[in-house]
K.L.:
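Below you'll find the structure I mean.
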Amino acid sequence: MSASDIEIYILDASYEVIGGEPHIVIWGIDRDGRRVLLRDRRFRPYFYAIIDKNFYDKIDILLSSIKRLSRPRSPITSLEIVDKKFFGKPVKAIRITTMLPEAVREYRDDVSKIPGIERVVEADIRFSMRYLIDNDIYPCTWHRFRVVERPRSGEYRVDAEYEVIDILHRVEEFVPPRLRVLAFDIEVYNPRGIPKANKDPIIIISLYNSDGEYIEFTANDKDDRNLIKSFIDYVLKYDPDIIVGYNSNRFDWPYLIERSRFLGIKLDVSRRRGVEPSPSVHGHISVPGRLNVDLYDFAEEMSEIKIKSLDEVAEYLGVMKKSERTNVPWYEIYRYWDDEKLRPILLRYARDDAISTYGIAEKILPFAIQLSSVTGIPLDQVGTASVGFRLEWFLIRIAYMRDELVPNRIEREYEPYRGAIVLEPKKGVHEDIAVLDFSAMYPSIMMKYNIGPDTLVKDPEICKEDKCFEAPETGYKFVKEPSAFFKIALEILVKARKIVREQLKKYSVDSIEYRVLDARQRALKILANACYGYMGWVGARWYCRECAEAVTDFGRETIRKAIDIARNLGLAVIYGDTDSLFVKYDKEKIDKLIKTVEDVLGLEIKIDKIYRRVFFTEAKKRYIGLTDDGRIDVVGFEAVRGDWAEIAKELQEKTADIVLKTMDPKKAVEFVRNEIEKLRKGVSEGSIPIDGFIIWKTITKPLKEYEVDAPHVVAAKYLEKAGYRVEVGDKIGYVIIRGSGKISDRARPYINVDVRDIDIDYYIEHQIIPAVIRILGYFGITEKHLKTVGRTGRSLFDYRK
DNA sequence: TCGTGGCGGGG
DNA sequence: GTGTACGCCACGA
């Protein structure tokens, strides 16, 4: 057959060993929408041995020592002496190539023991990633290949199979082909709380696809054989490119896999015939040929959302309102299934879950796809990879392009260092305040002062003649030239983002191009912002504590200088944190400030927002602002924290709203008192829902390791006793009930608590009053004012302001 | 009364 | 398995 050129949108890459030879397998979609498989047999695994400088004249000896290690199963096929850089310094290395990817690990250990080999690097880079990196291929991106078509083997569920004979180039087009997306959700029979796959059947599988169809499979009472078979048939028929779920890597997939194994059904849903889904890197489930994306991974990163349940996230993203959906508490699912009358409700719940999962995918996938395209991590792994790993894979690509060898991951002891400064706020209410922000302060500092492990100066001798930057307090020095590795990476990110933002202007906000480009610029920004934190992360390959410390050091100096400039211009600085300044709004002076900061410090600062009024107590990191358009921004207070009862948060927010808008604390006091009375009545009558009283806290370590029994730990132990499994990272919802003893003795999981047992006094004393006093206290209002019932209380008021 | 452990949201 | 700074609760000496 003859060669031809095709353009492929890359979905995923993996490898297979066939006849002792590794084959790279690329899954993709061509321009005609055909699902295709590309096979590249030309690539071989390798790693590097860096040569000790004292052995540069004995390289021949090293080569023959390495050659002697070669074993027939996977022989060393080539040894090549190469000039590379390691942390910016030139080094000579031997590139050792073998046959089987698994053999790299064995050779690495043996080679590193050879005298004259300083260290072995890049032996821990996965083979399929190695292929993508070396060939500049990015997942979720279009690429051009020269190929020869092969007869279809029948082993793969694709429209065509090709053999790669040349990798041509990447296509600068970011809009994906029309991808088939399938959202799924399973419901499981769970009479004992935690379902067990060898006992409890799957009762419903609900699905929603990108053609707008809803599909539902149900068990025959408690027999789920046909349900699972129908699910498999459906997946094969619809043939999705992307399968999305919510917490599916931790629940739906593992359960489906286990349950199928128990029933002796082959979960044959992948594009590789007969290969079932299986656990893979970073706790993700791999479905060959399809991209399995767990949306929960992305929800987890959204700090704006406190409770990461499917219904909350769907509500937040504007996908489905909680009030318009059916919800069934998970511990009651089996009851709804058993009860003929309740079963339709359970089915509606399953449907709403599948539809909202799909809706969330529509919001998140464009960003996830760009994150995959920019970092080079396949889409199904980019969500499970942490921020640090995402940046690291990007850095590895930059290293490859610059002939920099990738450092090994080293186990290190964690060392703390100083962070940013937070100014003491000027307490009280301030009118017309502008909030100025440095744009990308830490990335800018890293670039400006050329910070990185490769430019960090160990010998101060080389800093003569003004050749270095010096951090003001820590004294760490960085050579001005050549550019630091991080500076190069950041410049690439900044430049790419600038280009994307330029392109963005050409499209209307509702066009597909705009959405794609906007997602791309966000992905680029996130990577740039992660660089500082990455350097201070002990697990990082390019870890550099001194560098991270220098960044915060320069940051503190920068903001101090900006404050001086503001003061010299006669601008009062009310507050500041890390990279922001709150100053009295004065258009002319602020313009001057912005310009001076740019001239003197070489960094960009701009107005982020303007508050008509802003209120500070003496506490740092807490304030309430009234914006131009009449919105209230509550920052740092209980109202925005997840670990306070909803009733307290609500009252605090309303108090803030009343006070800031009317400047009349009396009105707020009146309001709070009324609300407290309503709550008392509601609790004693049992007429209000318990939801507002639930306090959520996270379990951060195994329950046994807790030395003190904090309320949420006590509640978690109750849950365990009731048969529920409590794991690290679980959010425990508890309430405080009436009775005697410590608060923690009276903490209970909110499940099955009657609202009439709620200790309303605890909530008033420890939740509502502290929360509202935090604001009203400034105006001279005390607990007494809030607790005194009736009109007599009024004479007690003594306002300071 | 005060130090400590624990926790979370945010610049 | 990005970073530190910060405020506040509950507990217990």
Side-chain angles (χ1 to χ4, degrees), chain A residues 282-283 301-307 384-392 395 409 411-412 414-425 435-438 440-442 446 526-545 547-553 555-556 559 575-582 608 617-623 633-645 648-649 695-701 705-714 728-729 731-732 736 741-747 762 765-767 770-771 773-774:
Chain A
H282 308 127
E301 291 167 23
M302 300 182 204
S303 52
E304 322 86 81
I305 316 176
K306 277 129 234 157
I307 299 160
T384 46
S386 70
V387 176
F389 283 115
R390 290 175 193 168
L391 175 63
E392 194 156 81
L395 293 175
R409 204 175 288 292
E411 272 205 40
R412 299 182 172 90
Y414 168 70
E415 287 179 78
Y417 62 90
R418 259 184 88 193
I421 39 173
V422 186
L423 302 188
E424 210 64 59
V435 183
L436 296 165
D437 265 352
F438 278 95
M441 186 197 237
Y442 285 174
M446 286 175 73
I526 279 172
L527 284 188
N529 286 340
C531 286
Y532 150 70
Y534 174 84
M535 288 195 306
W537 169 42
V538 285
R541 289 175 191 266
W542 279 276
Y543 172 70
C544 177
R545 197 209 76 243
C547 302
E549 205 173 346
V551 173
T552 58
D553 190 352
R556 292 189 298 268
I559 199 155
Y575 178 64
D577 183 350
T578 313
D579 60 355
S580 70
L581 284 181
F582 290 55
D608 180 41
T617 65
E618 59 283 338
K620 293 174 173 184
K621 290 185 179 278
R622 298 192 149 198
Y623 57 87
D633 267 354
V634 182
V635 177
F637 281 90
E638 288 76 2
V640 291
R641 294 175 55 113
D643 57 343
W644 281 70
K649 296 199 286 178
I695 300 164
W696 294 89
K697 268 203 200 304
T698 313
I699 295 291
T700 56
K701 56 187 181 185
E705 287 176 25
Y706 279 93
E707 285 178 26
V708 286
D709 280 336
H712 72 297
V713 177
V714 173
V728 173
K731 276 218 188 323
I732 305 296
I736 304 299
K742 286 184 303 194
I743 287 167
S744 49
D745 292 338
R746 296 183 281 117
Y762 166 81
E765 301 279 343
H766 296 271
Q767 293 269 323
I773 282 293
R774 213 85 68 210

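A, B, ... follow the sequence lines: proteins, then strands. Residue 1 opens every chain.
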K.L.:
Spell out protein contact along nucleotides 6-13 of chain C as letters: B when the base is contacted, S when just the sugar-phosphate is, - when no protein heavy atom is under 4.0 Å; keep the 5' to 3' order.
P.N.:
SBSSSSS-

K.L.:
Quickly work out the I732(A) CD1 to dC7(B) C1' distance and round it to whole Å.
P.N.:
14 Å

K.L.:
Given atom NZ of K697(A) and atom C1' of dG6(B), what is their separation to the nearest angstrom?
P.N.:
8 Å

K.L.:
Name the nucleic acid region contacted by F389(A), choosing base, sugar-phosphate or nothing; use a 4.0 angstrom heavy-atom cut-off, strictly under.
P.N.:
base

K.L.:
Among all residues two or more places apart in sequence or in another chain, which pass the ring pair (Phe, Tyr, Trp, His ring centres under 6.0 Å) test with F582(A)?
P.N.:
Y575(A), F616(A), Y623(A)

K.L.:
Could you tell me the separation between the CG atom of D553(A) and the P atom of dT4(C), rounded to a whole number of Å?
P.N.:
15 Å

K.L.:
Please state how far atom CG in D633(A) lies from atom P in dG9(B), giving the value in whole angstrom units.
P.N.:
17 Å

K.L.:
Among dG6(B), dG1(C), dG10(B), which nucleotide has an atom closest to any side-chain atom of V635(A)?
P.N.:
dG10(B)

K.L.:
How would you list, by chain and number, every residue that makes a ring pair (Phe, Tyr, Trp, His ring centres under 6.0 Å) with Y762(A), sequence neighbours excluded?
P.N.:
H766(A)

K.L.:
Residues two or more places apart in sequence or in another chain: which of them pass side-chain hydrogen bond (donor to acceptor under 3.5 Å, both in side chains) with E415(A)?
P.N.:
R545(A)

K.L.:
Applying side-chain hydrogen bond (donor to acceptor under 3.5 Å, both in side chains), can you list everything that pairs with E424(A), at least two apart in sequence or on another chain?
P.N.:
none

K.L.:
Are any non-hydrogen side-chain atoms of I732(A) and K697(A) less than 4.5 angstrom apart?
P.N.:
no

K.L.:
Report the distance from atom CH2 of W537(A) to atom P of dT4(C), rounded to the nearest whole Å.
P.N.:
14 Å

K.L.:
For D579(A) and dG3(C), what is the distance between atoms CG and C1' respectively, to the nearest whole Å?
P.N.:
13 Å

K.L.:
From the options dG11(B), dC7(B), dG3(C), select the nucleotide whose nearest atom is closest to the side chain of T578(A).
P.N.:
dG11(B)

K.L.:
From the set dG11(B), dT2(C), dG6(B), return the single nucleotide nearest to any side-chain atom of D577(A).
P.N.:
dG11(B)

K.L.:
Out of E392(A), R390(A), R541(A), which one pairs with Y534(A) under the side chain to side chain donor-acceptor pair (under 3.5 Å) rule?
P.N.:
E392(A)

K.L.:
Classify the nucleic acid contact of F582(A) as base, sugar-phosphate or nothing, counting any heavy atom under 4.0 Å across all strands shown.
P.N.:
nothing

K.L.:
Whether Y414(A) contacts dG1(C) is assessed here as follows: a side-chain N or O lying under 4.0 Å from the phosphate OP1 or OP2. Is that the case?
P.N.:
no

K.L.:
Contact class for N529(A) vs. all strands (heavy atom < 4.0 Å): base, sugar-phosphate, or nothing?
P.N.:
base

K.L.:
Rounded to whole angstroms, how far apart are CZ on F637(A) and C1' on dG9(B)?
P.N.:
13 Å

K.L.:
Provide, to the nearest angstrom, the distance between the OH atom belonging to Y417(A) and the P atom belonging to dG3(C).
P.N.:
8 Å

K.L.:
Identify, with sequence neighbours excluded, every residue that meets salt bridge (Lys or Arg N to Asp or Glu O under 4.0 Å) alongside R622(A).
P.N.:
E638(A)

